[in-house]
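Below you'll find the structure, written out as structure tokens, and then a few comments.
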Amino acid sequence: MTKKYWLMKSEPDTFSIDDLRERPDSKESWDGVRNYQARNFMRDEMKKGDLILFYHSSCKVPGIAGVAKVSMESHPDPTCWDKSSAYYDPKSTKESPRWFMVEVCFKKKFKSVIELSKLKELPELKDMILVQKGSRLSIQPVKKEHYDFIVNNLA
DNA sequence: GCCAACGTTGGC
DNA sequence: GCCAACGTTGGC
């Protein structure tokens, strides 16, 4: 089983890479995803040990803040059954859960955020989903060569 | 705060 | 199954 690479977006005002590091065991369940494409990646393809670029979105300086890894593979997201949760979904049942999450673990924080504006300038990264016009996918696969380039040359 | 791009919903 | 209306994402 070869390792895969991913990018996961989070709004740092809600949950930043520092928040992840400060959690117990530096682990957190990635709950609240309510997009089918993103769900399918978590449910079907993300495997324990896969590496994740932790991306800060909807903030002053959007960009990649560090690295995490998958510490537990997919299981149902319990917030979809919680009526008091913003993520409650009455169509998701215990018998047939609709939403899934993985657990991620902090690996490292980059000295500075690798800014989206910089990523967009680099010809080596022009095929990344992240930099495509109109791309909004909050969980996306990253090619190994893109991951390696970012970690080895930009971090 | 604006708005383009995209996803989802629901009437037909 | 089409597609208009609506809601959301997320950079700017």
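Chain naming here is simple, since letters A, B, ... match the order of the sequence lines and numbering starts at 1 in each.
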In whole Å, what is the span from the CG atom of Asp13(A) to the C1' atom of dT9(C)? 15 Å
Does dT9(C) have OP1 or OP2 sitting under 4.0 Å from an N or O in the side chain of Tyr55(A)? no
Using atom CZ of Arg34(A) as one end and atom C1' of dG10(C) as the other, report the distance to the nearest whole Å. 19 Å
Side chain proximity check, Glu45(A) to Trp6(A), heavy atoms < 4.5 angstrom: yes
Give the rounded distance in Å between these two atoms: CD1 of Ile129(A) and P of dC6(B). 13 Å
Contact class for Gln37(A) (heavy atom, under 4.0 Å): base, sugar-phosphate, or nothing? sugar-phosphate
Atom CG of Leu137(A) to atom C1' of dG11(C): distance rounded to whole Å? 16 Å
What's the CG-P distance between Asn35(A) and dT8(C), to the nearest Å? 13 Å
Rounding to an integer number of Å, can you tell me how far Gln140(A) CD sits from dT9(C) P? 15 Å
From the list dC6(B), dT8(B), dG10(B), which nucleotide is the closest neighbour of the side chain of Tyr36(A)? dT8(B)
Under 4.0 Å between any heavy atoms, over every strand shown, what does Lys120(A) touch: base, sugar-phosphate, or nothing? Just pick one. sugar-phosphate
What orientation do Trp99(A) and Tyr36(A) show, parallel under 30°, tilted 30 to 60°, or perpendicular over 60°? tilted
Arg98(A) backbone acceptor or donor facing Arg39(A) side chain under 3.5 Å: yes
Taking atom C1' of dC12(C) as reference, at what distance in whole Å does atom NE2 of His56(A) sit? 19 Å
Mind checking whether Phe15(A) and Phe54(A) have parallel, tilted or perpendicular rings, split at 30° and 60°? tilted
Among dA4(B), dT9(B), dT8(C), find the nucleotide with the atom closest to the side chain of Lys133(A). dA4(B)
Between dG7(C) (P) and Tyr87(A) (OH): distance, integer Å: 19 Å
Minimum-distance nucleotide to Lys91(A) side chain [options: dG11(C), dT8(C), dT9(B)]: dT9(B)
Say you draw a straight line from CD of Glu11(A) to OG of Ser138(A); how long is it, rounded to the nearest 0.5 Å? 10.5 Å
Any side-chain N or O of Lys9(A) below 4.0 angstrom from OP1/OP2 of dT9(C)? no
